Amino acid sequence: MYIEMYKTLINTLYAPVINPFIIRKRKKNGKEDLSRFNERIGQPKLARPEGRLIWIHGASVGESVSMLPLIDKILELYPNVNIMVTTGTITSAEVMAKRLPQRAFHQYFPIDKPSFTQSFIKHWQPDVVLWFESELWPSMLSTIRDHKIPLILVNGRISDKSFKHWKLFPAISKELLNCFSLCLGQSKLDAERLRELGSQDAECLGNLKFAGLPLPIDAKKEQEITSQIGSRPVWTVSSTHSDEEFQIGCFLKELGKEVPNLLTIIAPRHPKRGEEIKTRLQNECHLNVSLRSAGEPITPETEVYVADTIGELGLWYKLCPIVFIGGSLIPHGGQNFMEPARMQDAVLVGPHMHNFKEAMAHALQAQGVIQVKDVQELHTEVAKLLSDKQYLAQKAQLAYDWTVSESKVLDGIVDKIKGYLA
């Protein structure tokens, strides 16, 4: 009932202006791939592949990367199946273009307008839908339900904010969650929240991000960067958000005195901020900064190398034995800290990791991650890791051992959904 009211409202009030409005706004903000905007309005140009088609949807880079082990496993088990991956961002589309295997392809997720979602489903006719996104799009979910297509929530996460929001609208949340045949929360708390919000079948088999594949590494680029770094001590500051680079930049001069010839690699969460980061570090922290997107090399004088590129995190994680994960010095909630752990790096995070509560609890118990309370403690801990090889090796091994112990979740999820995939 509530979904139908939503669809009627969208059609009546918003539909006449949604297309030109979205094009203008997202073009201005650089957030829309206009060469493929037809996909956003439910008019794909690709033909549907023959045979069974499994559709997997995730919002952005994090969700799409976490899908990859499951995609590989499904394609291995079912040689006659094709997989369509949908996401909503340009960055995720670029990452998927590089990392999707054969028999898997990418499309943009359509805008949640009834005519767009109906056109999308009519064209692709998926046999099963695996939903990796926490956002519940009413038009799309109801369209999937109306076509009687099995819909499974995988690695579902209900944040504190989302939980409080949906509790205000219990009837709507129940109707939306009842579109799913099965809900798999990434933690026990997520499963409990899904049940409380109305899911009839919710459980936790673990967090699929623990089963992530190794990040891709370009051997030619690795050789080039390795020759530029030489024997210098180096660490990576990854997935940073605004102001985190400055907070860290403020102690790099002092850290450079404690660890001579130190190089810091900063890989921001949003690469478009590269020039902004370079300017601020140069002007306010008086650091010598090189910018990867501008083709600037790492020279002996370079103190900070801003790696403002897409799809190269694996390179930095391999070259650097120490990785700090951003989004955690500020109240953002943190970013994926399992990826560098899988590459046997010592991993540090800040105090704000509320997006990964259960994962952090497991990692801290296994001593697989170092959590600092502020930027001063980060300075101290990085200096210790860079100066004490035995301590560094111990922390790196603990991080790796923890991720290996947690990676069995993939088999459990595949076993659970086999009945829908067959």
Side-chain angles (χ1 to χ4, degrees), residues 6-7 10-11 14-15 17-49 53-68 70-71 74-75 81-145 147 149 151-156 179 269-272 309-311:
Y6 165 88
K7 290 162 69 174
I10 289 293
N11 275 331
Y14 198 28
V17 298
I18 191 169
N19 197 356
F21 174 77
I22 290 291
I23 291 176
R24 285 196 302 270
K25 183 175 181 180
R26 295 185 70 85
K27 181 179 179 182
K28 180 180 178 181
N29 295 336
K31 293 184 177 181
E32 200 67 59
D33 184 349
L34 294 182
S35 67
R36 292 173 57 185
F37 195 79
N38 56 289
E39 297 169 25
R40 297 282 280 144
I41 58 175
Q43 298 179 9
K45 294 178 181 178
L46 289 180
R48 185 196 188 281
L53 178 65
I54 297 173
W55 169 26
I56 305 181
H57 172 65
S60 56
V61 175
E63 289 86 356
S64 58
V65 170
S66 69
M67 300 172 186
L68 292 171
L70 183 59
I71 290 172
I74 292 172
L75 293 175
V81 158
N82 288 279
I83 292 178
M84 174 176 66
V85 173
T86 59
T87 60
T89 66
I90 294 176
T91 302
S92 60
E94 292 172 348
V95 170
M96 288 297 97
K98 295 177 181 177
R99 300 193 62 182
L100 282 177
Q102 288 187 343
R103 294 173 30 227
F105 62 96
H106 176 270
Q107 290 282 282
Y108 281 109
F109 186 75
I111 296 164
D112 201 49
K113 175 188 170 187
S115 60
F116 296 166
T117 60
Q118 290 163 9
S119 175
F120 178 91
I121 294 296
K122 183 178 179 181
H123 177 85
W124 292 114
Q125 300 178 45
D127 295 284
V128 183
V129 183
L130 305 181
W131 193 272
F132 274 72
E133 185 179 354
S134 58
E135 292 184 3
L136 306 178
W137 297 101
S139 288
M140 180 57 82
L141 294 183
S142 66
T143 302
I144 295 169
R145 178 197 61 194
H147 283 76
I149 302 168
L151 172 63
I152 304 168
L153 179 65
V154 182
N155 230 41
C179 292
R269 175 68 173 171
H270 302 291
K272 290 183 179 180
T309 51
I310 293 172

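A quick note: this is a predicted structure, and the numbers were derived from the prediction, not measured.
- Residues M67 and N155 have side chains not in contact (no heavy-atom distance under 4.5 Å, counting atoms from C-beta outward).
- Listed for the E63 side chain is a donor-acceptor partner under 3.5 Å among the backbone atoms of S60.
- Counting heavy atoms from C-beta on, the side chains of W131 and I144 come closer than 4.5 Å.
- A donor-acceptor pair is defined here as one N or O able to donate and one able to accept, closer than 3.5 Å; no such pair exists between the side chain of D33 and the backbone of I90.
- Put simply, the side chain of P101 reaches to within 4.5 Å of the side chain of I71, judged on heavy atoms.
- W55 CH2 to Q125 CD: the interatomic distance, rounded to the nearest 0.5 Å, is 13.0 Å.
- Interatomic distance, E32 CD to T89 OG1, rounded to the nearest 0.5 Å: 10.0 Å.
- No donor-acceptor distance shorter than 3.5 angstrom exists from the side chain of D112 to the backbone of T117, with no hydrogens or angles considered.
- Closest non-hydrogen pair, L136 versus P138, comes out as O-CD, 3.2 Å.
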field: Check against side chain to side chain contact (heavy atoms under 4.5 Å, CB included), L151 and R145
entry: CA-CA 8 Å; L151 172 63; R145 178 197 61 194; over 6 Å; no
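- Of all heavy-atom pairs between S92 and A59, the closest is OG-O, 4.4 Å.
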task: Check the pair L68 / L100 against side chain to side chain contact (heavy atoms under 4.5 Å, CB included), numbers first and verdict last.
output: CA-CA 7 Å; L68 292 171; L100 282 177; 4.2 Å; yes
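- Taking each heavy atom of K45 and S35 in turn, the nearest pair found is NZ-O, 4.5 Å.
- Separating the CZ atom in R103 from the CG atom in N82 is a distance of 6.5 Å, to the nearest 0.5 Å.
- Residues F132 and V85 fail the side-chain proximity criterion, which asks for heavy atoms closer than 4.5 Å.
- Expressed to the nearest 0.5 Å, how far CD1 of I74 lies from CD1 of I83 amounts to 4.5 Å.
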field: Chi angles and distances behind the side chain to side chain contact (heavy atoms under 4.5 Å, CB included) call for V61, I310
entry: CA-CA 10 Å; V61 175; I310 293 172; over 6 Å; no
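- Atom CE of M140 is separated from atom CD of Q118 by 10.0 Å, given to the nearest 0.5 angstrom.
- A ring pair (Phe, Tyr, Trp, His ring centres under 6.0 Å) with H57 is found for one member of W137, Y108, F109, F120 and no other, namely F109.
- In this structure, S119 contributes its side chain and F116 its backbone to no donor-acceptor pair below 3.5 Å.
- Between L153 and L130 the shortest side-chain heavy-atom distance does not fall below 4.5 Å.
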- request: Show the numbers, then the answer: is there a side chain to side chain contact (heavy atoms under 4.5 Å, CB included) between H106 and T87?
  value: CA-CA 8 Å; H106 176 270; T87 60; 2.7 Å; yes
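- The OG atom of S139 sits 11.5 Å away from the CD1 atom of I121 when rounded to the nearest 0.5 Å.
- By the salt bridge (charged side-chain N to carboxylate O under 4.0 Å, His left out) test, E39 pairs with R36, sequence neighbours left out.
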